[in-house]
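Counting convention: from 1, in listed order, for ligands and their atoms alike.
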Amino acid sequence: MEKRRIAILGSTGSIGRQALDVIRQHRDLFEVELLTANSSWDLLVQQAIEFDANNVVICDEGRYGQTAEALKPHFVKVFAGMKSVCDLVQSDNIDIVLTSMVGFSGLESTIAAVKAGKMIALANKETLVAAGEIVMDLAAKHHAGILPVDSEHSAIFQCLMGSAGADIEKIHLTASGGPFRNWSRDDIAKATREQALNHPNWSMGSKITIDSATMMNKGLEIIEARWLFGTPGDRIDVVIHPESIIHSMVEYADGSVIAQMGHPDMREAIQFAFSYPHRLPLDSRKLNFAELGSLSFLAPDRQKFPALDLAYEALRQGGNMPCIMNAANEAAVAAFLKERIGFYDITDVVRETMEKVEYVKTPDLGCIFGTNTAAYSTANTLIDKISR
Ligand code: MG
């Protein structure tokens, strides 16, 4: 395998740090060209020094001074602001762009990388939720590859290898069920921020951990799968699998089901996106089936987790509706993390925002940005009412 030059957008977050751990294990195969962070400038500086990055961007322009000062002796070029990310990501010195920023804010730079025909290792699922059709059309037009980093979608992608052209009968997306799987609806209604942040299987950032507790994460993943694999929503099923060993499954027309397995470790999916189609060693925990004994599965409880139906509904309506849902969810999760609203207020805000913001059937990119702003503001008005 030829050496690959990598840009990590969002290198100080959970996925970004795990990606650097993958690179740490294969310094001969991967090279860090660009690192970007929102505001964690001190960690960004450490990473740039350790991995000898050529360029870094600190998005928060107020932190530019400290970052540039700290990296001056190390000959790392320092830039600030989202526009710099969008410019630098198009550089000829980059082969793979890992999009591991959080939320809708990742859309602009992902589109810049897609337009430059880069190989995208996609960890920012909100990009495909908000603008799936637009991003996939641009990727086809500019010959940009999109490799999933979300563990379920990496699993599906791996289950599809060797079956080119075969129709997918069904995608079975597995879900851990999150921390509230066995809680009653009344108890979930009173859940605190700390309880919701306590995910049983996966160690992740705070936004996605709350999304896992509401199961909106699975809802976003249904929409992400629809765009990555071209599979309509009624062929994407969610099954609760508390052990998180099977990362997802593909069922073919003959009834044969292919599953991808492993202990929950995001680095496997990240590494496979970096090394595709090759497989490299990784210091991950290996499966011992005799020790596992059994795996269990059950249907999700849609009354306890209304986010799933909201996502299916957003996908069914299409247009800018998934973007509205995503924006409302981002606003509501942020408010929940600040302890301004309760747990079920998150999905209530999403539902009401989906009813209020203007629906557009065939949005262009400008409309998607406008929708995101409108939905955020509608959701925040609802949140203000609840938290008062
Ligand atoms: Mg996932």
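- Ring orientation note: the planes of Tyr276 and Phe272 are nearly perpendicular, at an angle over 60° on the 30°/60° scale.
- Summarising the geometry, atom CG belonging to Leu20 is positioned 5.0 Å from atom CD1 belonging to Ile23; distances are rounded to the nearest 0.5 Å.
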- [ ] Determine, step by step, whether Arg267 and Asp283 satisfy the salt bridge (Lys or Arg N to Asp or Glu O under 4.0 Å) criterion, reporting the C-alpha distance in whole Å, the side-chain angles of both residues, the deciding distance to 0.1 Å, and the verdict.
- [x] CA-CA 10 Å; Arg267 298 176 311 156; Asp283 69 345; 2.8 Å; yes
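- Other residues sharing the hydrophobic cluster of Val102, ordered by chain and number and joined by side-chain separations under 4.5 Å: none, the residue standing alone.
- Aromatic pair Tyr376/Phe104: ring centres not closer than 6.0 Å.
- Residue Ser212 holds its OG atom at 9.5 Å from NZ of Lys207, rounded to the nearest 0.5 Å.
- Distances under 2.8 Å from the Mg ion (ligand 1) pick out the protein N/O/S atoms Asp150 OD1, Glu152 OE1, Glu221 OE2.
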